[in-house]
Asks: 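Sending over a structure as structure tokens; questions will come in a sec.
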Amino acid sequence: IAPFRPMTYNGGIGRSFTEAAMSSARSPAYTPQEYLALDRVADEKSEYWDGALYAMTGASRAHNLIAVNLATALNTQLRARPCEVYAADMRVRIPRTYRYLYPDVVVVCDEPQFEDDQHDILINPTLLVEVLSPSTEAYDRGKKFDSYRRIPGLVTYLLVAQDERRIHLYIRQPDNQWLFAAFTEAEDVIDLPAIGCALPLADVYSKVSLPPSAD
């Protein structure tokens, strides 16, 4: 995740987006309301973390392919069921914190609950997916997962590498511990019991150019 950088902003809440960004760099002090007002009209998305804004960096070709493959595979299996799949642009609010985050793929299988009538801040995801990159892997595995675990209804978390065939699966257990499993083989199929889906690695990495060592 990269520190927040100036973006184009055409809103009218009292100061330009560039001025707001410079102020944030000195003293991060946005309210959630200010963040949402900015982010909803900005050209690029940013995450909100305890008063500070962080710009979402551009995604690679592999990242985009994997995210689309995941969303497509899950949506196809869930099409006839009361579940919804969102890719890239759905914010998730972390309860009891001042944090709004953007997972790469989100699945909700209960009645979707949103923070307000904009319907762009989900508060009850069932499954979250992050596609890893060198600049975000430590964050996705560490602070971001720590935050996601605060969501009571979250049952499944997937971390998907883009530079090799590697998916790490975390499933919440009844005692609130998380069961871990790793998948690295082309023929592996990941069982996702919380949403009743199976995810073949061959589908996840379809059309993705992996280095020779990955085979």
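In this chain, residues are counted from 1 in sequence order. Quick caveat, the model's predicted, so the values are computed rather than measured. All heavy atoms count here, side chains included; hydrogens, waters and symmetry mates do not.
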Asks: Compare all side-chain heavy atoms of Val129 with those of Pro103 and state whether any distance is below 4.5 angstrom.
Replies: no
Asks: Check whether Arg172 reaches the backbone of Arg149 with its side chain - one donor and one acceptor, N or O, closer than 3.5 Å.
Replies: yes
Asks: Evaluate ring-ring contact (aromatic ring centres under 6.0 Å, His included) for Tyr48 paired with Tyr98, printing each intermediate quantity in order.
Replies: CA-CA 7 Å; Tyr48 180 80; Tyr98 295 106; 7.4 Å; no
Asks: Can you tell me how far apart CD (Glu185) and CG (Leu201) are? Round to the nearest 0.5 Å.
Replies: 9.0 Å
Asks: So, the side chain of Asn124 versus the backbone of Gln113: is there a donor-acceptor pair under 3.5 Å, distance only?
Replies: yes
Asks: Rounded to the nearest 0.5 Å, how far apart are CG of Leu38 and CD of Gln33?
Replies: 11.5 Å
Asks: Show, in sequence, the C-alpha distance, side-chain angles and deciding distance for Ser133 and Gln162, and conclude whether the side chain to side chain donor-acceptor pair (under 3.5 Å) test is met.
Replies: CA-CA 7 Å; Ser133 66; Gln162 62 172 298; 4.6 Å; no
Asks: Would you compute the distance between atom OH of Tyr148 and atom CG of Leu154 and round it to the nearest 0.5 angstrom?
Replies: 9.0 Å
Asks: Do Val106 and Leu127 touch side chain to side chain, with heavy atoms closer than 4.5 Å?
Replies: no
Asks: Does a side-chain heavy-atom distance below 4.5 Å link Leu128 with Leu158?
Replies: no
Asks: Any carboxylate oxygen within less than 4.0 angstrom of a Lys/Arg side-chain nitrogen, looking at Arg61 and Asp163?
Replies: no
Asks: What I'd like to find out is whether the side chain of Leu122 reaches to under 4.5 Å of the side chain of Phe114, using heavy atoms alone.
Replies: yes
Asks: If I compare all heavy atoms of Val108 with all of Pro112, which pair ends up nearest, and what's the gap?
Replies: CG1-CG, 4.1 Å
Asks: Which value, rounded to the nearest 0.5 Å, describes the distance between Asp203 atom CG and Thr72 atom OG1?
Replies: 10.0 Å
Asks: Taking Val208 as the starting point, is it possible to reach Val160 by hopping between hydrophobic residues whose side chains are less than 4.5 Å apart?
Replies: yes
Asks: With the threshold set at 4.0 Å, does a side-chain nitrogen-carboxylate oxygen contact exist between Glu130 and Lys144?
Replies: yes
Asks: Check step by step if side-chain contact (heavy atoms from CB on, under 4.5 Å) holds for Leu36 and Ile121.
Replies: CA-CA 10 Å; Leu36 292 171; Ile121 306 169; 3.6 Å; yes
Asks: Grab the two heavy atoms, one from Val105 and one from Ala67, that are nearest each other, plus how far apart they are.
Replies: CG2-O, 3.8 Å
Asks: Which is it for Phe145 and Trp178 under the ring-ring contact (aromatic ring centres under 6.0 Å, His included) test, yes or no, and what are the steps along the way?
Replies: CA-CA 11 Å; Phe145 188 23; Trp178 289 78; 5.3 Å; yes
Asks: Linking I/L/V/M/F/W/Y whenever any side-chain heavy atoms sit under 4.5 Å apart, do Tyr30 and Met56 land together?
Replies: yes
Asks: So do the side chains of Asp140 and Tyr157 get within less than 4.5 Å of each other, counting heavy atoms only?
Replies: yes
Asks: Could you check whether any side-chain heavy atom of Leu199 comes within less than 4.5 Å of a side-chain heavy atom of Leu70, counting everything from C-beta outward?
Replies: yes
Asks: To the closest 0.5 Å, what do you measure between OH (Tyr100) and CG (Asp120)?
Replies: 10.0 Å
Asks: Examine distances only and state if a side-chain atom of Thr136 and a backbone atom of Tyr139 form a donor-acceptor pair shorter than 3.5 Å.
Replies: no
Asks: Using a 3.5 Å distance criterion without hydrogens, assess whether the side chain of Arg81 forms a donor-acceptor pair with backbone atoms of Ile195.
Replies: yes
Asks: Do Phe180 and Tyr170 have ring centroids that are under 6.0 Å from one another?
Replies: yes
Asks: Run the numbers on Arg150 and Thr97 for side-chain contact (heavy atoms from CB on, under 4.5 Å), then give the verdict.
Replies: CA-CA 9 Å; Arg150 295 171 178 256; Thr97 71; 3.7 Å; yes
Asks: Can Arg91 and Asp39 be counted as an ion pair, charged N to O under 4.0 angstrom?
Replies: yes
Asks: Do the non-hydrogen side-chain atoms of Leu101 and Trp49 ever get within less than 4.5 Å of each other?
Replies: yes
Asks: Does any N or O in the side chain of Asp104 come within less than 3.5 Å of the main-chain N or O of Ala88, such that one atom is a donor and the other an acceptor?
Replies: no
Asks: Hey, is the main chain of Ala71 close enough, under 3.5 Å, to the side chain of Asn75 for a donor-acceptor pair?
Replies: no
Asks: So that I can tick it off, tell me whether Arg99 and Glu47 are bridged by a salt bridge, with the cut-off set at under 4.0 angstrom between side-chain N and carboxylate O.
Replies: no
Asks: Does a side-chain N-to-carboxylate-O contact under 4.0 Å join Lys143 and Glu137?
Replies: no
Asks: What distance do Arg141 atom CZ and Leu132 atom CG have between them, rounded to the nearest 0.5 Å?
Replies: 5.5 Å
Asks: Using every non-hydrogen atom in the two residues, find where Pro193 and Ile171 come nearest and quote the distance to one decimal.
Replies: CD-CD1, 4.2 Å
Asks: Please name the pair of heavy atoms, one in Ser46 and one in Leu53, separated by the smallest distance, quoted to 0.1 Å.
Replies: OG-CD2, 4.0 Å
Asks: Can any side-chain N or O of Asn69 pair as donor or acceptor with the backbone N or O of Ser206 at less than 3.5 Å?
Replies: yes
Asks: Just by distance, do the side chain of Thr126 and the backbone of Cys109 share a donor-acceptor pair under 3.5 Å?
Replies: yes
Asks: Using a 4.5 Å cut-off on heavy atoms from C-beta on, say whether the side chain of Tyr102 contacts that of Val92.
Replies: no
Asks: Work out which heavy atom in Ser147 is nearest to a heavy atom in Ile94; give both atom names and the distance.
Replies: O-CG2, 3.3 Å
Asks: Hey, mind stepping through Glu84 and Tyr86 against side chain to side chain donor-acceptor pair (under 3.5 Å) and telling me if it holds?
Replies: CA-CA 7 Å; Glu84 296 183 4; Tyr86 312 114; 2.3 Å; yes
Asks: For Glu164 and Pro211, indicate whether the former's side chain and the latter's backbone hold a donor-acceptor pair under 3.5 Å.
Replies: no
